[in-house]
Amino acid sequence: GQSVTGGANTAMGLEAGQSVKGVSNLALGSSAGQGVYGDGNIAQGFMAGNSVRGLKSTDSAQYNIAIGGISGNDVQGDKNIAMGMYSGSDVQGQNNIGIGTSAARMVVGDNNTGVGQSSGGTVTGDYNAALGALAGNHVTGDQNTSIGSSAGYFTIGNKNFAGDRK
């Protein structure tokens with residue numbers, strides 16, 4: 001990678017790992033892991049894990065994982081996991097998990113989980129869980145659980161449970 005400050009960073013792929021400041025970051029794939037400020041971050045896939053930094057402009061991001069094309073981009077925080085194309089992008093917080101295409105996108109908060117295509121997206125709050133395609137989208141609040149296809153779509157409040165009864 002070009003413009004790298006720190007040590008033990010590894011980049012493999014066209015334009016991978018450019019503009020990195022930190023140690024022990026891994027970028028695998030064309031244009032992966034660009035603009036990373038922190039340590040121990042992993043980006044694998046075309047344009048994965050770009051623009052990763054801490055919550056404040058002076059903080060560094062630690063231990064984020066992005067696996068899948070264009071996943072885990074524009075992340076501010078630590079220990080977030082994105083697995084699947086477009087998953088886990090535009091995230092502010094820590095310990096958020098998105099597994100599935102476009103899962104857990106546009107999340108502001110901590111400890112949120114989206115498993116399934118487009119699940120757990122556009123979330124503002126903490127400790128929300130969504131399981132199933134399109135489950136738990138557009139959620140504002142804490143400790144909400146959505147299980148099943150499209151369950152919990154447009155949830156406002158705390159400690160709600162939504163399930164698909166099909």
Side-chain angles (χ1 to χ4, degrees), residues 1-140:
Q2 297 177 353
S3 302
V4 176
T5 305
N9 294 297
T10 303
M12 193 188 282
L14 181 66
E15 298 180 350
Q18 293 186 356
S19 300
V20 173
K21 183 177 180 183
V23 297
S24 299
N25 294 293
L26 174 63
L28 301 172
S30 181
S31 300
Q34 296 182 352
V36 174
Y37 176 46
D39 305 323
N41 297 290
I42 298 171
Q44 180 182 357
F46 172 72
M47 292 181 67
N50 290 325
S51 190
V52 175
R53 58 205 177 281
L55 286 170
K56 298 178 184 173
S57 61
T58 56
D59 292 343
S60 63
Q62 311 291 320
Y63 310 113
N64 293 290
I65 299 171
I67 299 173
I70 315 172
S71 66
N73 290 322
D74 297 313
V75 172
Q76 292 179 290
D78 302 326
K79 298 178 225 105
N80 296 292
I81 298 172
M83 295 179 71
M85 189 169 218
Y86 303 114
S87 66
S89 292
D90 300 309
V91 171
Q92 296 176 23
Q94 58 188 5
N95 302 315
N96 296 295
I97 300 171
I99 300 174
T101 302
S102 297
R105 292 183 68 194
M106 296 186 287
V107 172
V108 177
D110 301 328
N111 304 297
N112 296 293
T113 302
V115 178
Q117 180 204 356
S118 300
S119 65
T122 314
V123 172
T124 302
D126 302 322
Y127 300 100
N128 295 293
L131 176 63
L134 299 168
N137 275 300
H138 303 283
V139 173
T140 301

Q: Please assess Asn112 against Asn96 for the test side chain to side chain donor-acceptor pair (under 3.5 Å), listing each intermediate value before the final yes or no.
A: CA-CA 5 Å; Asn112 296 293; Asn96 296 295; 3.1 Å; yes

Q: Carefully, step by step, assess Asp110 and Asn95 under the rule side chain to side chain contact (heavy atoms under 4.5 Å, CB included).
A: CA-CA 6 Å; Asp110 301 328; Asn95 302 315; 5.7 Å; no

Q) Could you walk me through whether Leu131 and Val115 pass the side chain to side chain contact (heavy atoms under 4.5 Å, CB included) check? A) CA-CA 5 Å; Leu131 176 63; Val115 178; 3.8 Å; yes

Q. What do the steps show when you test Ser51 against Asp74 for side chain to side chain contact (heavy atoms under 4.5 Å, CB included), and what is the final call?
A. CA-CA 5 Å; Ser51 190; Asp74 297 313; 3.3 Å; yes

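Side chains of Thr113 and Ile97 form a contact here, defined as non-hydrogen atoms less than 4.5 Å apart. Side-chain contact between Ile81 and Met83: present, with at least one pair of heavy atoms (C-beta onward) separated by less than 4.5 Å. At least one side-chain heavy atom of Ser31 sits less than 4.5 Å from a side-chain heavy atom of Met47.
With values rounded to the nearest 0.5 angstrom, Gln117 atom CD is found 14.5 Å from Ile99 atom CD1. Between the CD atom of Gln76 and the NZ atom of Lys56 there is a distance of 12.0 Å, given to the nearest 0.5 Å.
Although no hydrogens or angles enter the test, the distance criterion places no donor-acceptor pair under 3.5 Å between the side chain of Asn80 and the main chain of Gly72. Between the side chain of Asp39 and the backbone N or O of Gly22, no donor-acceptor pair lies under 3.5 Å. A donor-acceptor pair is defined here as one N or O able to donate and one able to accept, closer than 3.5 Å; such a pair exists between the side chain of Asn64 and the backbone of Gly77. The closest donor-acceptor contact from the side chain of Ser87 to the backbone of Ala103 lies at 3.5 Å or more, if one exists at all.
Checked by atom type, the side-chain pair Asn25/Asn9 shows a donor-acceptor distance below 3.5 Å.
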